[in-house]
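Note that the coordinates shown come from a computational prediction; the quantities given were computed from them, not determined experimentally. Proteins come first, then strands; the chains are lettered A, B, ... in the order of their sequence lines, and each starts at number 1.
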There are 2 protein chains.
Amino acid sequence: MKILVMEDDREAADYLKKAFAEAGHTAHVAGDGETGFALADAGDYDVMVVDRMMPRRDGLSVIAALRSRGNTTPVLILSALGEVDDRVTGLRAGGDDYLTKPYAFSELLARVEVLNRRASARESETVYRVGDLELDRLSHSIKRAGREITLQPREFRLLEYLMRHAGQVVTRTMLLENVWDYHFDPQTNVIDVHVSRLRGKIEKGFDKPILHTIRGAGYMLKGG
Amino acid sequence: MKILVMEDDREAADYLKKAFAEAGHTAHVAGDGETGFALADAGDYDVMVVDRMMPRRDGLSVIAALRSRGNTTPVLILSALGEVDDRVTGLRAGGDDYLTKPYAFSELLARVEVLNRRASARESETVYRVGDLELDRLSHSIKRAGREITLQPREFRLLEYLMRHAGQVVTRTMLLENVWDYHFDPQTNVIDVHVSRLRGKIEKGFDKPILHTIRGAGYMLKGG
DNA sequence: AGGGCTCCATGAAGATTCTCGTCATGGAAG
DNA sequence: CTTCCATGACGAGAATCTTCATGGAGCCCT
């Protein structure tokens, strides 16, 4: 398992590197946000462990930037801030897990391994499921509650992306970069329109809403 | 493993049923071609063992009919005819293997198990490979000799079907039914045109031909 | 071996279909 | 009250799919 550790405290970083090595994993260390971003963007890591506060660029900003570039490597955020609000913003920024300092390495290790297992399971999975919604990447078919649904190409990509990130907020920027391949702001409401159309197909006629609006942030797919 | 045996010789059929049962498989028996066709079309068999000569409808015709309906269950043909030509016509009709009577059951069993293994491996496989040609059903991408190739939807379906049936003759009727969803003869050369375009993309610029024309029968994808 | 016939290959061109994105208005949320 | 989001309608553009027509290759029969 190949792990990227972003941590500015030299001592802590060395300790992590050593501990991961003992557990049979390979860890690279980045001492600041910029370096971390560069490494993450270039290298092919299984999991990232990111300290929230770092020089040159803070952890959340690095994560958000990576996410908007399509990087979906699981991230565990390390932070001294343990308030609920801090956790929420951390997870919203694209984190997959959040651990408060001080922590036990054994727990960190366990969580990191869970993240990796989940990710590799997801990759080979050909069918995504969220609630009673089902997307089969092989046959390109969508079903909700057993009923077949027909989507247009862009709608399909949109839903696929949302499903891959089910349970986490998906920002407009993420969608623009990964579903539209736009690397600029189109200054229109393209996304809104397509989300609306998608809703018309996957929600109209079914009881529970599944595609939620997070006002001021984006959208989130989440099934009961 | 669920096996369908089409064999009119009652004694031989009973023997096969028993022998398959002893090997841990379930075998159903059809005594004539029509019954066999009906069972095969309805049931969900892993492998079929088909006698070539049967009352009411001969084995090859049954196989061809099943194939044109999109049934891809592997078929092993049993026959007293052992000449090369007989084998060829048998395999061309849609057979996957051919065994001449008299045969040893152990060999039949082994061959049947190979057919099944191949089929089930193929189903979960998300990437097809024929020679240096590669089709990834997940990403919908095509590569030949490492070079990315762009196909249109219909071309993709066409190639996908050809690759799934690589090494065996694919008739126009099979293509019409499974790639075009036509259940009638369009009276035009739609297929030829698309095959031509496909060739233009997957053969032009590469050395070896890979999509072969079987005159009077159809096409066959086969890599060196 | 050659002529004739059938089958296949391929270029071009047209038309339909379908998708995508924009705009504008109305409504909900904070 | 202001900002953000939802949605209906519309228009334009693109792109794919077919069809047609011609030329070439293969096969068979004499």
Could you tell me whether the side chain of A/L66 reaches within less than 4.5 Å of the side chain of A/V62, counting heavy atoms only?
yes
So do A/M6 and A/F37 actually touch side chain to side chain, heavy atoms under 4.5 Å?
no
D/dT16 P sits how many Å from B/L151 CG, rounded?
11 Å
Respond yes when some side-chain nitrogen or oxygen of B/Y219 is under 4.0 Å from OP1 or OP2 of C/dA9, and no when none is.
yes
Return the value, rounded to whole Å, for the distance between atom CD1 of B/I191 and atom P of D/dT19.
11 Å
Write down the distance between CD1 (B/I214) and P (D/dA25), rounded to a whole number of angstrom.
19 Å
Derivation of the salt bridge (charged side-chain N to carboxylate O under 4.0 Å, His left out) call for A/K2 and A/D46
CA-CA 5 Å; A/K2 208 173 146 195; A/D46 297 307; over 6 Å; no
On DNA chain D, compare the nucleotides closest to A/D192 and B/E155; which residue's is nearer the 5' end?
A/D192
At under 4.0 Å between heavy atoms, what does A/S196 touch on the DNA or RNA strands: base, sugar-phosphate, or nothing?
base
May I have the distance from A/K204 (atom NZ) to D/dA6 (atom P), rounded to whole angstrom?
13 Å
Mind calculating the distance between CG (A/L211) and C1' (D/dC5) to the nearest angstrom?
13 Å
Gap between atoms NZ and C1', on A/K201 and C/dC18 respectively (whole Å):
11 Å
Output yes when at least one side-chain N/O atom of A/T213 is less than 4.0 Å from OP1 or OP2 of D/dC4, else no.
no
Is any side-chain heavy atom of A/R154 less than 4.5 Å from a side-chain heavy atom of A/W180?
yes
Steps toward side-chain contact (heavy atoms from CB on, under 4.5 Å) verdict (B/Y219, B/I191)
CA-CA 11 Å; B/Y219 298 93; B/I191 292 181; 4.3 Å; yes
Can you measure B/F156 atom CZ to D/dT16 atom P for me and round it to whole angstrom units?
15 Å
Test side-chain contact (heavy atoms from CB on, under 4.5 Å) on B/Y128 and B/L133 and set out the steps.
CA-CA 8 Å; B/Y128 293 152; B/L133 185 61; over 6 Å; no
Counting only side-chain N and O atoms of A/Q152, is one of them less than 4.0 Å from OP1 or OP2 of C/dC20?
yes
Collect all protein-nucleotide pairs involving nucleotides 26-30 of chain C in which both atoms are nitrogen or oxygen and the distance is under 3.5 Å.
none

Roughly how many Å is it from CG in B/L158 to P in D/dT16, rounded to a whole number?
15 Å
To the nearest 0.5 Å, tell me how far B/L211 CG sits from B/R199 CZ.
4.5 Å
Report yes if some heavy atom in the side chain of A/V49 is under 4.5 Å from a heavy atom in the side chain of A/E7; otherwise report no.
no
Only one of A/R129, A/K143, A/R144 clears salt bridge (Lys or Arg N to Asp or Glu O under 4.0 Å) with A/E134; which?
A/R129
When you compare the protein's N or O atoms with those of nucleotides 21-25 of chain C, which come within less than 3.5 Å of each other, and at what distance?
| unit_1 | atom_1 | unit_2 | atom_2 | d |
| --- | --- | --- | --- | --- |
| C/dG21 | OP1 | A/R154 | NH1 | 2.7 |
| C/dG21 | OP2 | A/R154 | NH1 | 3.4 |
| C/dG21 | OP2 | A/W180 | NE1 | 3.2 |
| C/dG21 | OP2 | A/H194 | NE2 | 3.2 |
| C/dG21 | N7 | A/R197 | NH2 | 3.1 |
| C/dG21 | O6 | A/R197 | NH1 | 3.4 |
| C/dT22 | OP2 | A/T188 | OG1 | 2.6 |
| C/dA24 | N6 | A/N189 | ND2 | 3.1 |

